[in-house]
Every structure is written in structure tokens, then in C-alpha cells.
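Order of the sequence lines sets the chain letters (A, B, ...), proteins ahead of strands, with each chain counted from 1.
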2 protein chains.
Amino acid sequence: MTATTEKPMRADARRNREKVIEAARAEFASEGQDAQMPDIAKRAGVGVGTVYRHFPTKEALVEALVRDHFSRIADLAEAAVDAEGEPWDRFISLATICGERCASDRGLAAAVAGSREILGVIAEQETRLRAATTRLIEEGRATGQVREDATVEDVSMLMCSLACIADMENTRPDFSWRRYVEVAFEGMRAR
Amino acid sequence: MTATTEKPMRADARRNREKVIEAARAEFASEGQDAQMPDIAKRAGVGVGTVYRHFPTKEALVEALVRDHFSRIADLAEAAVDAEGEPWDRFISLATICGERCASDRGLAAAVAGSREILGVIAEQETRLRAATTRLIEEGRATGQVREDATVEDVSMLMCSLACIADMENTRPDFSWRRYVEVAFEGMRAR
DNA sequence: CCCGAAACGGACTTCTCCTTCCACTTTATA
DNA sequence: TATAAAGTGGAAGGAGAAGTCCGTTTCGGG
């Protein structure tokens, strides 16, 4: 669907595009949701014009970041389904890896939580994510490791809250998303 | 400390102050962190000037809201310590009541998560909250209902994540903070 | 090596809010 | 009820951040 017409991009343009994305990630992580376009440009070592050449609006830039983020997470979830080991252990390592991703992409949780519009952007990735998650918890239920009444939404909520906690580590040094996985995700275990 | 010199306020002023606070709460709940001062004024049925008479800046208004919010939650936690019943049940009802509060004060979670400065504002309430929480989980551990390694920070994280989930119910209808309490808080139980 | 197209940079414009200011209204006191 | 003080409303000011525009630079095929 929507086969993007492959148009070769000039080498420097592609390089700059990457620099901008990387700078934006860093800037959002440290400044939160109100990171500024000129600052992103400065951090990337380019002019604002260049940023706008690649992303017509700030919103588009955020969307690209968010899409990329969710895409990676969906990949990880799919990998967790096919991985070796007990379902429960795979579930927990998925949570851990997601935690790591969220910790390095700080600021994005707020973007997703804050806007209704962005939900459309991640629809496709979320479908993949749900599919993978569903299989994972079904396996877990089958082996009696995951609680009987567990649902995909439970996992979604846990993942989102994990992202929030990872986000908050910026401002709250007493928080630890790793510890959070140990505690909150334990609630999914069968008793 | 800081004995606020009691100065009688004119009746209409006090009424308007309440209207502004109420309107601000509603506006932040529906618009999120970027609710606008003129909109708050409009919703309260007053002019912007009046809003600024009571709260010198937008920040001050948010602070008042946040302080009030945490103050109520700290009250609830203290009540939970002294309440009847099993420690575990009191812990869960505390979580539930907090969920209710967060659900009606939507938008504040983001305010707290987003700014380092606001942490100072709630310092006093948080101390009270920590004290109450500590007692609650100690009782729970003593009766073998709460996991041995539970800490106050665990509870803080759970409460904050609960607030985030309640917040997200605006944009994500598949989320339910009540269900979240059933799942995530279960991770605090002794096994 | 040359030239046209693509990409760049950053000063400048535009737009969106927060906040101020002050003439006017309401309250409380004598 | 008259008067001073307190409070009010909303137009206008101002700060700051998003986005535009165009002269200059860089790339890559011939």
C-alpha cells in the first residue's frame, strides 16, 4: 500500500536527514516536548531551512520519530514471539528491551499520550504490536505462567506506563524503570 | 511555618477565585498541558484580568492546582493508614481513590512529569505521602500480604503510572485505570 | 571540468499566546 | 446612601517560537 516512489536522494541530503533525526531525538530527550526547531538545527549542525526541507513542520518531525520508535518496538515484540525460552521469560525480556528503547527515546511517551492525532500515525505498528503481544500472552496462559484473565490491553497499559516511568527518570532520580518492570509486570503472572 | 496573614477577601473575589480554579481544572483536563489562559477565563465567565489578579502567572495557577491535588491525595493516604481492615485492602482502596482523583484532575500528571520546578511545590505533600505510604506497606509486609522487598519508591512509581494511565483514557478508550489497578498493583502482593 | 539541479543557511516574517494596563463596576463600611 | 477601596474586563502590548524565502553552496552526470 502507498508504494512510496523511490527517488534517489543526494548523498549530503541523506546524511543531513539522519543528523536531524538524531539531533531531534536527543533534543526531545533532554528538553521534553517543547524542544525548539532552531535548537534541533543547531545540534544537528545545519540551518533551520534544512530541517524544514526534510520535515515540513515540527509535527511531521515528531511523527517520524514516533513512527520509527514504534516500528522498532514492534520488531522487538515480533522477535520475542519467535525467540527461545519460556513464554514468561520472553515477556519480561521484551519489557526490558522496550524499557531500554523508551529510556533512549525519552520525550516520545508524552508526544503519544498528548495528542489524539498521533495515534493514527502509529496505527500500523500498533497492529503488529498487538498481534505479537496477543500470541505471547496466549502462550503464557497456555503454560500457566500468565494470569488467566490477561488481555492485550493490559500489556498495552503496562508498556505505556513503563514508557512514562522511563520518561520520568529525567526529573525523578528515585525512579527506575528496571525496578518498575520487576514490580508492575509481576502483576501479570499467574498465581 | 509561613503563617499566611489572614486577609479577608471580598465575597465576589472569593467566588471568582473558585470559579477560576474550577475552570482551570476542567480546561487542563480537556485541553491538556497547553490550555490557554483566555479560554480558562472564558470558561470561568470572567475576564483574563481577573484570572491574573488571583494568579500572577499561568505557572502559579498550575502550581495551585497541583498543590491542591497532592494535598488531597496526601490526606487520602493518611486516612488509609488509620482506616479499618486488612493492610492490603486499604492499600488497594487507596490506589482506587487516587485513581478517581487523577481521573478528575486529568492533565496534572503531565505537569508534574514535565517540569523539574514543580517538584519543589509538592515537596511538603510528598513528604506526608511518603510517610503514610511507608507505614502502609510496612503493615502489609508485617502481615505477609505485601512482598518483602517492597519500597516506598515502588508505590510512588505505581501511583505516578496510575496517574499517567488515567490521563491517557482521554485519548485511548481501550485503557482503564481501574483495570490497571487490578493488574499492576497486584505485583506488590507477596507470593 | 562544467553546469544545472538539488540542497543549504539563516535573517526575517508571522502567528500564537501570556501578560499588562486602566477605565469602569462592585462591595463593604460609616 | 455616599465613599473609598477592592475587584473586574478585555483591548492592546510584547516575547518567543514556528515557518518562509532566496542568495549562496554543493553534488553528480555528461
Legend entry - Short N-O contact, E153(B) and R130(B), less than 4.0 angstrom: yes
Legend entry - Integer-rounded Å distance: dA6(C) C1' and D12(A) CG: 8 Å
Inset, instruction - Go through the structure and list residues passing side-chain contact (heavy atoms from CB on, under 4.5 Å) with R14(A), not counting sequence neighbours. - result: M9(A)
Inset, instruction - Describe, as an angle rounded to 10 degrees, how the axis at the first end of the helix from dC1(C)-dG30(D) to dA30(C)-dT1(D) is tilted relative to the axis at the last end, five pairs per end. - result: 20°
Legend entry - Nucleic acid contacts - residues 22-52 of chain A versus DNA chain D, non-hydrogen atoms under 4.0 Å: A35(A), Q36(A), M37(A), P38(A), Y52(A)
Inset, instruction - Can you tell me the distance, in whole Å, between the CE atom of M9(A) and the P atom of dA7(C)? - result: 6 Å
Legend entry - With sequence neighbours excluded, residues passing salt bridge (charged side-chain N to carboxylate O under 4.0 Å, His left out) with E18(B): none
Legend entry - Counterpart residues, side-chain contact (heavy atoms from CB on, under 4.5 Å), relative to A110(A) (two or more places apart): Q33(A), D167(A)
Could you give the side-chain donor-acceptor pairs of residues 122-129 of chain A under 3.5 Å, partners two or more places apart or in another chain?
from	atom 1	to	atom 2	distance (Å)
E126(A)	OE2	R172(B)	NH1	2.9
E126(A)	OE2	R172(B)	NH2	3.0
T127(A)	OG1	A123(A)	O	2.9
R128(A)	NH1	D75(A)	OD1	2.9
R128(A)	NH1	E78(A)	OE1	2.9
R128(A)	NH1	E78(A)	OE2	3.4
R128(A)	NH2	S71(A)	O	3.3
R128(A)	NH2	D75(A)	OD1	3.3

Inset, instruction - Give every residue pair that meets the salt bridge (charged side-chain N to carboxylate O under 4.0 Å, His left out) criterion with at least one member in residues 135-145 of chain A, sequence neighbours excluded. - result: R90(A)-E139(A)
Legend entry - Interatomic distance where CZ belongs to R10(A) and C1' belongs to dA6(C) [whole Å]: 4 Å
Legend entry - Listed once per pair and sorted, the salt bridge (charged side-chain N to carboxylate O under 4.0 Å, His left out) pairs that draw on residues 91-104 of chain B, sequence neighbours left out: E100(B)-R178(B), R101(B)-D105(B)
Inset, instruction - Using atom types as modelled and distance alone, determine if a side-chain donor or acceptor of R147(A) lies under 3.5 Å from a backbone N or O of G187(A). - result: yes
Legend entry - Pairs flagged by salt bridge (charged side-chain N to carboxylate O under 4.0 Å, His left out) wherever residues 38-64 of chain A is involved - sequence neighbours left out: E27(A)-R43(A)
Legend entry - Rounded distance (Å) that lies between atom P of dA7(C) and atom CZ of R17(A): 12 Å
Legend entry - Contacts of type side-chain contact (heavy atoms from CB on, under 4.5 Å), residue I92(B), not counting sequence neighbours: W88(B), T96(B), V181(B), F185(B)
Inset, instruction - Using the heavy-atom set of chain B and a strict 4.0 Å cut-off, write down the first and last nucleotide of DNA chain D that makes it in, 5' to 3'. - result: dA5(D) to dA11(D)
Legend entry - Any residue meeting side-chain contact (heavy atoms from CB on, under 4.5 Å) with A24(A), in chain and number order, not counting sequence neighbours: F28(A), I40(A), L61(A), L65(A)
Legend entry - Nearest-Å distance for atom pair CZ/C1', residues R14(B) and dT27(C): 12 Å
